[in-house]
Amino acid sequence: MSTNAIATVACDVKDLALADLGKRRTEWAFQSMPVLQTIRKQFIKTQPLAGIRVAACLHVTTETANLMITLRDGGANIVLCASNPLSTQDDVASTLVRDYGIPVYAIKGEDNDVYYSHIMAALDHKPQITMDDGADLVSILHTKRKDLLAHVIGGTEETTTGVIRLRAMAREKVLTYPIVAVNDALTKHLFDNRYGTGQSTLDGVIRATNVLLAGTTLVVAGYGWCGRGVAMRARGMGANVIVTEIDPTKAIEAVMDGYRVMTMQEAAAIGDVFITVTGNKGVIAREHFEKMKNGAILCNSGHFNVEIDLEFVEEFAMRDGRRIYVLGEGRLINLAAAEGHPASVMDMSFANQALCAEFMIKNHATLEKRVYAVPEELDKQVAKMKLEAMGVRIDRLTPEQEAYLAGWSEGT
Ligand SMILES: NC(=O)c1ccc[n+]([C@@H]2O[C@H](COP(=O)([O-])OP(=O)(O)OC[C@H]3O[C@@H](n4cnc5c(N)ncnc54)[C@H](O)[C@@H]3O)[C@@H](O)[C@H]2O)c1
């Protein structure tokens, strides 16, 4: 871990010379984040995070950079590390250190050892608030750095898989502080997971392969928020989309949305491109590889690289000579091969992050050691701010309508 001489900010980043590009791209993204811009202006005045140590473990992208700058401007003493070995944009990591004085530990392509050492380095800052994406930082804190738990007052979690892990920790009564599930805000998963992952996942596939989606058979595993987005966008580009699911209700939804639904075993034989977005493991495994066409393209956009049984596919490809291409080492393809979600959708996700950090600081003393939903009023506030920024106006209930609806809910 180096303390950079120019920046005198603790960091481990690839190359500070990349900072100029990172600064330009970060400023460009900020223009598409009007809600975060408003929050930043408020934070500069009100200083809700004054003196609070925050450790963020997030994908190091231009949008994340703008969240970090917003929190810093709200008074936070912030440090950032990567939430995935392949999702870091090295130019962004560099500008945060050089131009914004924010310590960053993240290098694109770092191996697992370095990845975890970066989380450890972020934890050395003794956070009072944790901001996680996938719950790796929280998990390490609760297993290898228990000595630091006493400092922590609360946290936030960005993604579906992280929320699942944290709920399991809370059930087992090992979670030692309250965490807000930012992912579960409507203004997060309805848009970020659906439209953000939908678009950027295909962007990743296309940048990595330049494949023409029109006319291909594209298999989407998982018809949750991300899967719906990927399927919708792939269809829009002319792919014949097949959905695989394990949940009967989601499977019916996919059928009625007009997709073919079948088992992975059936889909394996006919798919040209396979995209997993389940948050589960071993979704594409040995029995599926055995059926796949020569030249099949596989990738994953779920949080962890466990959805495709990677060890096997490499072995299999060598054994019978067929070529099966696994993109981005089976890691989040939209971040490994593209730039992640567009800024205008991360605007809402990160507005939730900023407001939830403020909420946690104000309310932690009265909260239990469990996972909380984003307060409805914050979620609605983000939606209102986004609509305003988009210049979209909506109707309001008249007093008569309000009374009518309230009357029904009272059963009269
Ligand atoms: N790539 C990104 O930028 C990005 C963004 C948001 C979320 N994520 C991650 O994507 C994953 C999915 O998130 P989500 O919000 O869509 O979750 P979700 O819970 O809404 O959907 C997951 C779906 O997968 C289905 N599923 C589970 N096991 C399956 C299997 N073996 N075969 C087929 N379907 C299966 C579930 O029934 C569910 O419908 C999570 O790991 C999440 O953290 C990634």
Side-chain angles (χ1 to χ4, degrees), residues 57-61 63-64 83-84 86-87 89 132-136 157-167 181-186 188-205 219-233 242-255 257 259 261-268 271 274-285 287-288 299-309 327-328 330-343 345-346 348-350 352-353:
C57 179
L58 299 170
H59 302 304
V60 181
T61 63
E63 297 79 20
T64 299
S83 58
N84 185 289
L86 276 191
S87 64
Q89 296 170 6
D132 217 343
D133 185 329
D136 276 351
E157 169 54 52
E158 171 74 5
T159 197
T160 317
T161 286
V163 172
I164 291 170
R165 290 178 82 186
L166 294 171
R167 290 225 164 92
V182 167
N183 181 72
D184 293 359
L186 294 177
K188 199 280 182 180
H189 65 264
L190 282 182
F191 306 99
D192 167 318
N193 299 30
R194 183 162 43 171
Y195 301 107
T197 311
Q199 177 170 314
S200 61
T201 296
L202 295 186
D203 187 14
V205 173
V219 181
V220 180
Y223 201 62
W225 292 109
C226 296
R228 288 179 181 105
V230 173
M232 173 174 45
R233 291 300 176 244
I242 293 173
V243 169
T244 70
E245 250 299 340
I246 47 99
D247 180 313
T249 320
K250 304 263 180 68
I252 299 174
E253 188 186 354
V255 169
D257 283 345
Y259 300 107
V261 175
M262 59 186 76
T263 63
M264 184 57 83
Q265 192 68 14
E266 292 169 283
F274 295 80
I275 301 175
T276 54
V277 255
T278 67
N280 206 344
K281 68 173 202 173
V283 177
I284 300 185
E287 63 268 30
H288 307 123
C299 68
N300 167 52
S301 212
H303 189 78
F304 285 117
N305 59 336
V306 294
E307 305 212 10
I308 302 171
D309 192 346
L327 310 182
R331 297 191 189 275
L332 296 149
I333 188 62
N334 59 336
L335 286 142
E339 288 171 52
H341 296 171
V345 83
M346 292 314 292
M348 286 190 282
S349 308
F350 285 167
N352 276 296
Q353 283 284 7

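Nothing here was measured: the structure is a model prediction, and the numbers come from that model. Numbering of ligands and ligand atoms starts at 1, following listing order.
Contact annotation: for T161 versus ligand 1, heavy atoms closer than 4.0 Å belong to both the backbone and the side chain. With a 4.0 Å cut-off on non-hydrogen atoms, K250 touches ligand 1 through its side chain and not its backbone. Of the heavy atoms in M264, none comes closer than 4.0 Å to ligand 1. Of the heavy atoms in T278, both backbone and side-chain atoms come closer than 4.0 Å to ligand 1. If you look at I246 next to ligand 1, the close heavy atoms, those under 4.0 Å, come from the backbone and the side chain alike. Of the heavy atoms in T160, both backbone and side-chain atoms come closer than 4.0 Å to ligand 1.
Side-chain contact check for E339 and Q89: no donor-acceptor pair (N or O, by modelled atom type) lies under 3.5 Å. For N193 and N183, the side-chain atoms include at least one donor-acceptor pair closer than 3.5 Å.
A search for side-chain contact (heavy atoms from CB on, under 4.5 Å) contacts involving Q199 returns P342, not counting sequence neighbours.
On a distance-only criterion, H303 and ligand 1 share at least one N/O pair closer than 3.5 Å. Between N334 and ligand 1, at least one N/O pair is under 3.5 Å apart. Taking only nitrogen or oxygen atoms, main chain and side chain alike, V277 does not reach within less than 3.5 Å of ligand 1. Residue contacts with ligand 1: D192 is placed with no nitrogen or oxygen under 3.5 Å of a nitrogen or oxygen of the ligand (distance criterion only).
Compare R165, H341, E245 by their heavy atoms: the one nearest to atom 33 (C) of ligand 1 is in E245. Distances from atom 42 (C) of ligand 1 to the heavy atoms of T249, T159, D133, V163 show the closest one on T159.
With ligand atoms numbered from 1 in the order given, ligand 1 contributes 11 (C), 40 (C), 41 (O) to contacts under 4.0 Å with heavy atoms of G279. Within the listing of ligand 1, atoms 37 (O) sit less than 4.0 angstrom from a heavy atom of D247. Remark: ligand 1 atoms within the under-4.0 Å shell around heavy atoms of G222 are 24 (O), 25 (C), 33 (C), 34 (N). Each of the following atoms of ligand 1 lies closer than 4.0 Å to a heavy atom of L332: 1 (N), 2 (C), 44 (C).
Taking NZ from K281 and CZ from F304, the interatomic distance works out to 13.0 Å, rounded to the nearest 0.5 Å.
Ligand 1 does not have H189 within reach: every non-hydrogen atom of the residue lies 4.0 Å or more from it.
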